[in-house]
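One structure is given below, encoded as structure tokens.
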Amino acid sequence: MTPEPSVASPVAAEPDRRLHPWSWLFALISGLRQFIVPLLVLLFAGRRGDGEGWWELAPMIGVAAIALVSIWQYFTYRYRIDSNSVVIRSGLLHRSLRQIPFARIHNVAIHQSPLHRLFGVADVKLESAGGTQPEAHMQVLTREQALALEALVRRHARGDAAAATAVDGMQGPAAAPPSRLLLALSPGEIVRLGLISNRGMVVVAAAVALLAQTSRGVFADMVEAVRNLLFGYAESHRFDVPDYLLAGLLLLLGALLLLRLLSVALAFIQYHGFRLEQSGRRLTVERGLFSRLRSSAPRRRIQAWTLVEGVLHRLLQRRSLRVDSAVAAAADGSGQQRGLRELAPVATAAACDQLVQALLPGRQWPPAHWQPLHPRAWWRLLLPGVFLTLVLCALLGWRFGSWGLLGLLWLPWAAFLARQHARRAGWSFDGELLAVRAGWWSRHWRWADVDKLQALRLSRGPLDRHLGMATLWLDTAGAGSFDPPLRLRYLPLADAEALLGRLQHAVAVRPLRW
């Protein structure tokens, strides 16, 4: 592990600093990546003309313009580390001055692509709570400066008035708290993560969609060549029907195996060297094989927790632990996830529980007792599916006659699934932690501290009013868009109203901690 650079109190005001001398090169590469499609269009469109004109030079003019802008940004970008903030100046004709207090910096994201690592530099983003864009994007600093800036923000988060403001490795008056390793993924765990995830299918689907949209002739030729190869081989060997079925099954199994191998390879690229560490009250995640991504955020910024156990998770006896934080978790232009998101991409159930207990001291997890849903909750889960099935069967019966009524055989299975989901679901509230669980084949748990709740809502649809039940919706800062909402579905009306009253009182008398 790279030792954390120490920092020191300034003797005088810090001078303005420039970015790394190679900053303009990385800005140029970033600009080319964003405008690569228009540049290619100009390049190939210019070559289709009969004569040579300025269109032939248009791509080179575009590259030269992006290079000039990148160099201009380098020479006009300045930053300064003050006693309690980062001050950034940019622009020459249109000047901008931005002051970012350390107390408002909730996440320090450090990204290193292979090119960054070759030059010993890093891309640094300073992010605040709820922002869709980073407060500051320093492209680029040396790795030592990036880590020192992260350490400086960490010290100010602890309220250390004697924290240093220099980022050039000067000695500080107080040592930073030692880092404690909470979780590290071994190669075996990364293999399990690749087998569980479906990243290979996502990549293949994206590649097929890209080929189909951008080069229909080439894509059609590829499909036709593969079809001719397979059917030509089968006809030359005079396969029977069982042989075709066996060959199709083997091809399907081979495709699934290749997809899983691709998923494992992508998991190694993204999660190699995954380490979750705690230093004081701050959490840091670092991962990546070629590109290294380091994200750091205060523990108090965690708003809600999600524990996932899918079918493959259960087969491999693993779970995944994610969090919603006050820092925006949207992906940036590089495709990297912003903000602290995955605390345990894959781990055993015991390891996930221990991690939650370590980061939520004084809270009980897992809950000792789960409250059930309304006794007729399974009816509420079943009725929408019944209505849809009856409509589809009526359409199929009108089109295919009595054969269409075979769709009614789905109803007993749907009733069984609804009963299992209702039996498995539940909720718990011990005065401090509100938790909900749901799912049967794929299970998930969602919970949040009562001090993180911002809004409460009780909703009842027509069916809910008829069956005497209600759903309670809860809102926290930075709720994840990829996770199920934090809600308690189909509670008995009396229980929902009583719980709403308890939560309203707790939210009213307790300060919001985020």
query = Are a donor atom and an acceptor atom from the side chains of Arg287 and Gln270 found within less than 3.5 Å of each other?
reply = no
task = Tell me yes or no: between the side chains of Arg318 and His313, is some donor less than 3.5 Å from an acceptor?
result = no
message = Ignoring hydrogens and geometry beyond distance, is a side-chain donor-acceptor pair present between Tyr271 and Glu342 at under 3.5 Å?
response = yes
query = Do Ser295 and Asn107 meet the criterion of a side-chain donor-acceptor pair at a distance under 3.5 Å?
reply = yes
Distance-only polar pair, side chains of Arg180 and Gln278, donor-acceptor under 3.5 Å = yes
query = Just by distance, with hydrogens left out, do Thr306 and Arg446 show a side-chain donor and acceptor under 3.5 Å apart?
reply = yes
inquiry  = Donor-acceptor check, side chain of Arg443 to backbone of Trp440, threshold 3.5 angstrom: yes or no?
reply    = yes
message = Looking at Ser279 and Arg282, would you say the former's side chain and the latter's main chain have a donor-acceptor pair under 3.5 Å?
response = no
ask   = Can you name the one residue among Arg294, Arg292, Glu286, Arg143 that meets side chain to side chain donor-acceptor pair (under 3.5 Å) with Gln112?
value = Arg143
task = In plain terms, say whether Asp475 and Arg457 are close enough for a salt bridge, that is, a side-chain N and a carboxylate O under 4.0 Å apart.
result = no
task = Taking Thr284 for its side chain and Ser296 for its backbone only, find out whether a donor-acceptor pair lies under 3.5 Å.
result = no
inquiry  = Whether the Ser113 and His116 side chains hold a donor-acceptor pair (N or O, under 3.5 Å, no angle test) is what I'd like checked.
reply    = yes
ask   = Between Arg260 (side chain) and Leu195 (backbone), is there a donor-acceptor pair under 3.5 Å?
value = yes
task = Indicate yes or no: does Glu135 engage Lys125 in a salt bridge with an N to O separation below 4.0 Å.
result = no
task = Return the orientation label for the Trp447 and Trp305 ring planes: parallel under 30°, perpendicular over 60°, tilted otherwise.
result = parallel
ask   = Side-chain contact, heavy-atom cut-off 4.5 Å: Ile81 with Tyr79?
value = yes
message = For the residue pair Thr476 / Gln454, report whether a side-chain donor-acceptor contact shorter than 3.5 Å exists.
response = no
